[in-house]
Amino acid sequence: MADLSALIICLSLLLYLLLDGTDLGVGMLFFWFHDTQQRELMTHSILPVWDANETWLVLAAGGLLALFPPVYSLLLSELSAPLFVMLLALVVRAMALEYRAQSSTRLRHWLDRIMASSSALATFIQGWCAGMIISAQPHTGLPDGLSLVPLVSGVGLMAINSLLACCWIGWRIGDRVQPLAEAQSWLWWLLALMLFLVELYLNADIWQQSWQRPLGKVAGVAIIILWIALPLALWRARPLVQLIVTLMLIGAVFIGLLCGLYPWLVPHHFAISDSASSPVTQGFVLVGAAIAMPLTLLYHSWSFWIERRGK
């Protein structure tokens, strides 16, 4: 039951990374796309879905509190300041996204800058926090915030989210953003690959452990294939294929990391079985998750279907 509880939380985090990562990437692309019409189209491409995407972050945080309270306590005490800044950045991003249509031209330019900056800040902190957790040490706990792994993780997540966003707007908007989106895609693919290789070197023990497990081997082979397939998709200029391959790549890397970290939630500090709440609590929360998660997925599917019809 504890493993199932951890799987539910990890699934929620993965869905958040895939879905809201694209929205945050679109916000960061405002640094590069300066045309007013392009920005308007980019905003409308994520307006129907961005708020529902953040539901998965709420489910993951609430599930961690209920299912693994010691881990929640550690993260909240050690990472309270960056987590608060991340949530504030998400709120500011939402404000800029929702109010830009009702604002004057001058104020809209400021809101666009705020959305780009807050999206970049939230993305970096999410990757930075992940790097802090996976590089925890047996005796010293979480590393220093200026350590290489958290910093590389933060910049790496910014790169892969930007790549996701380029694929998304290339598919959703098409020719009106395609030339710049295509050029940006190559840039972010190369940067993401370089940072992934650095992470691979810095966390070699985790990936070696992952390779010892059958699922980790599958994830490792998939990662290699997808890194090779992505530039082929970019070369063929097929945004939907690029988007699917990038989403699969993120999923494969996420699964590979989980295989390398198992059975730890926080390496060397909290194992899944030792930090889980009581079986009664787990059973209650898992029943709620069995109801809430399919409904959320159904709502997501409906939203994307409506948006697909309006393309």
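Remember, predicted model here, so these are calculated numbers, not experimental data.
A 4.5 Å side-chain heavy-atom check between Trp264 and Asp274 finds every atom pair outside the cut-off. Put simply, the side chain of Ile272 reaches to within 4.5 Å of the side chain of Phe68, judged on heavy atoms. Residues Val149 and Pro143 have side chains not in contact (no heavy-atom distance under 4.5 Å, counting atoms from C-beta outward). Ile160 places none of its side-chain heavy atoms less than 4.5 Å from the side chain of Trp188. Looking at Gln178 and Pro239, their side chains come closer than 4.5 Å, going by heavy atoms from C-beta outward. By the 4.5 Å heavy-atom criterion applied to side chains, Leu14 and Leu18 are counted as neighbours. Counting only heavy atoms from C-beta outward, the side chains of Pro70 and His269 never approach each other to under 4.5 Å. Counting only heavy atoms from C-beta outward, the side chains of Leu265 and Ile9 never approach each other to under 4.5 Å.
The two residues Ala181 and Phe33 have their closest heavy-atom pair at N-CZ, 3.8 Å. Contact detail for Met158 and Ala120: the closest heavy-atom pair is CE-CB, 3.9 Å. Across every non-hydrogen atom of Gly127 and Leu157, the tightest pair is N-CD2, 3.4 Å. Shown here for Leu234 and Ser185, the closest heavy-atom pair between the two residues is CD2-CB, 3.5 Å. Smallest separation of non-hydrogen atoms from Trp186 and Pro231: CH2-O, 3.5 Å. Here the closest non-hydrogen pair linking Phe31 and Ala116 is CE1-O, 3.5 Å.
Under the 4.5 Å side-chain heavy-atom criterion for Ile, Leu, Val, Met, Phe, Trp and Tyr, Val58 and Leu15 are members of distinct hydrophobic clusters. Hydrophobic clustering, with ILVMFWY side chains joined whenever heavy atoms are under 4.5 angstrom apart, keeps Met95 apart from Leu90. Both Leu164 and Leu257 are members of a single hydrophobic cluster when ILVMFWY side chains are connected at heavy-atom separations under 4.5 Å. Follow the hydrophobic side-chain contacts under 4.5 Å out from Val92 and you never reach Ile46; the two are in separate clusters. Linking ILVMFWY residues whenever their side-chain heavy atoms come closer than 4.5 Å, directly or via other members, places Leu87 and Ile133 in the same cluster.
Side-chain atoms of Asn203 do not come within 3.5 Å of backbone N or O of Ile206 as any donor-acceptor pair. Side-chain atoms of Arg108 come within 3.5 Å of backbone N or O of Arg100 as a donor-acceptor pair. Distance alone, capped at 3.5 Å, is enough to place a donor-acceptor pair between the Arg213 side chain and the Tyr262 backbone. Remark: side-chain polar atoms of Gln137 are paired, donor with acceptor, to backbone N or O of Ser135 under 3.5 angstrom. In terms of modelled atom types and a separation under 3.5 Å, the side chain of Gln282 and the main chain of Ser277 share a donor-acceptor contact. When atom types are taken as modelled, the side chain of His44 and the backbone of Arg39 share no donor-acceptor pair closer than 3.5 angstrom. Between the side chain of Ser210 and the backbone N or O of Trp207 there is no donor-acceptor pair closer than 3.5 Å.
Rounding to the nearest 0.5 Å places OG1 of Thr43 at 6.0 Å from CG of Leu97. Here CG of Leu151 is found 6.0 Å from CG of Leu146. Values are rounded to the nearest 0.5 Å. Rounding to the nearest 0.5 angstrom, the gap separating the CD atom in Gln184 from the CD1 atom in Ile169 is 8.5 Å. Here the CG atom belonging to Asn53 is positioned 11.5 Å from the CG atom belonging to Leu17, to the nearest 0.5 angstrom. The structure places CD1 of Ile134 at 9.5 Å from CG of Asp205, a figure rounded to the nearest 0.5 Å. Between the CG atom of Leu230 and the OG1 atom of Thr246 there is a distance of 4.5 Å, given to the nearest 0.5 Å.
Note: Trp168 and Trp171 have perpendicular aromatic rings, judged against thresholds of 30 and 60 degrees for the angle between ring planes. By the 30° and 60° cut-offs, the orientation of the rings of Phe196 relative to Trp227 is tilted.
The side-chain hydrogen bond (donor to acceptor under 3.5 Å, both in side chains) test applied to Trp50 returns Glu98, not counting sequence neighbours. Applying the side-chain hydrogen bond (donor to acceptor under 3.5 Å, both in side chains) criterion to Thr123, with sequence neighbours excluded, gives no partner residue.
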Tell me, with the steps shown, if Trp211 and Val221 meet side chain to side chain contact (heavy atoms under 4.5 Å, CB included). CA-CA 10 Å; Trp211 189 255; Val221 172; 4.1 Å; yes
Verify side chain to side chain contact (heavy atoms under 4.5 Å, CB included) between Ile244 and Met248, making sure each step is shown before the conclusion. CA-CA 6 Å; Ile244 294 173; Met248 293 174 63; 3.8 Å; yes
Test side chain to side chain contact (heavy atoms under 4.5 Å, CB included) on Leu83 and Cys129 and set out the steps. CA-CA 8 Å; Leu83 288 175; Cys129 288; 4.1 Å; yes
Using the side chain to side chain contact (heavy atoms under 4.5 Å, CB included) rule, take Tyr299 and Thr296 through it: C-alpha gap first, then chi angles, then the decisive distance, then the call. CA-CA 5 Å; Tyr299 175 74; Thr296 307; 5.7 Å; no
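Atom CD of Gln37 has 12 or fewer heavy atoms from other residues, nucleotides or ligands within 6.0 Å. Atom CH2 of Trp32 has 12 or fewer neighbouring heavy atoms from other residues, nucleotides or ligands inside a 6.0 Å radius. The environment of CE in Met293 is crowded: more than 12 heavy-atom neighbours from other residues, nucleotides or ligands sit within 6.0 Å.
Within the structure, every pair that satisfies the side chain to side chain donor-acceptor pair (under 3.5 Å) test and touches residues 73-94, not counting sequence neighbours, is listed here: Asp20-Arg93, Glu54-Arg93.
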